[in-house]
Amino acid sequence: MTYAKLHDTFLSHPKVTLLESGPCFAEAIALWTMSVSWCSAQLSDGIVPRHMVRKLVPFEWQNAASELVRVRLWRVKGDDFAFHDWSS
């Protein structure tokens with residue numbers, strides 16, 4: 001079993017505060033959180049396949065994913081997404 005750590009300053013990180021001004025803050029945080037858990041469990045090195053994104057959350061994920069890319073918590077990697085600085 002693996003564990004995903006969430007830094008205690010996550011909510012005050014500048015990238016997260018940028019999400020607050022976007023159209024879907026709660027959805028983006030939910031998608032980010034579910035993706036962290038999935039990547040950790042799958043040992044995916046922070047890669048979130050696009051086909052998995054739609055399975056991780058019970059809402060339309062496109063806007064939330066776009067917001068995560070906009071604030072650079074994620075980046076586009078081919079057809080998939082990747083966490084910024086996953087191994088840090």
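In this text, all values refer to a predicted model and were calculated from it rather than measured experimentally.
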* **More than 12 heavy atoms from other groups under 6.0 Å of CD on E60** =>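 Counting neighbours around CD of E60, 12 or fewer heavy atoms of other residues, nucleotides or ligands fall under 6.0 Å, so no.
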* **Exceeds 12 heavy-atom contacts within 6.0 angstrom, atom CZ of R72** =>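 No.
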* Walk me through it: do V48 and C39 pass the test side chain to side chain contact (heavy atoms under 4.5 Å, CB included)? => CA-CA 7 Å; V48 187; C39 287; 3.5 Å; yes
* **Transitive ILVMFWY side-chain link I47 to M34, under 4.5 Å** =>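 No, it is not one cluster - the side chains of I47 and M34 are not joined through contacts under 4.5 Å.
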Spacing of [X] atom [atom1] and [Y] atom [atom2] [to the nearest 0.5 Å]:
{"X": "K15", "Y": "F10", "atom1": "NZ", "atom2": "CZ", "value": "11.0 Å"}
{"X": "S37", "Y": "Y3", "atom1": "OG", "atom2": "OH", "value": "12.0 Å"}
{"X": "L6", "Y": "T33", "atom1": "CG", "atom2": "OG1", "value": "7.0 Å"}

Compare all side-chain heavy atoms of [X] with those of [Y] and state whether any distance is below 4.5 angstrom.
{"X": "L73", "Y": "H84", "value": "no"}
{"X": "L56", "Y": "S35", "value": "yes"}
{"X": "W38", "Y": "V53", "value": "no"}

Cut-off 3.5 Å, no hydrogens considered: what does the side-chain donor-acceptor table look like for residues 74-83, sequence neighbours left out?
unit_1: D80; atom_1: OD1; unit_2: R50; atom_2: N; d: 3.0

Which pairs would a plain distance check flag for residues 18-30, meaning a side-chain donor or acceptor within less than 3.5 Å of a matching protein atom at least two apart in sequence or in another chain?
unit_1: S21; atom_1: OG; unit_2: L18; atom_2: O; d: 2.9

* Asked: What pair of heavy atoms forms the shortest contact from R54 to H51, and how long is it?
  ->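 Smallest heavy-atom distance, with atoms named: CG-O, 3.4 Å.
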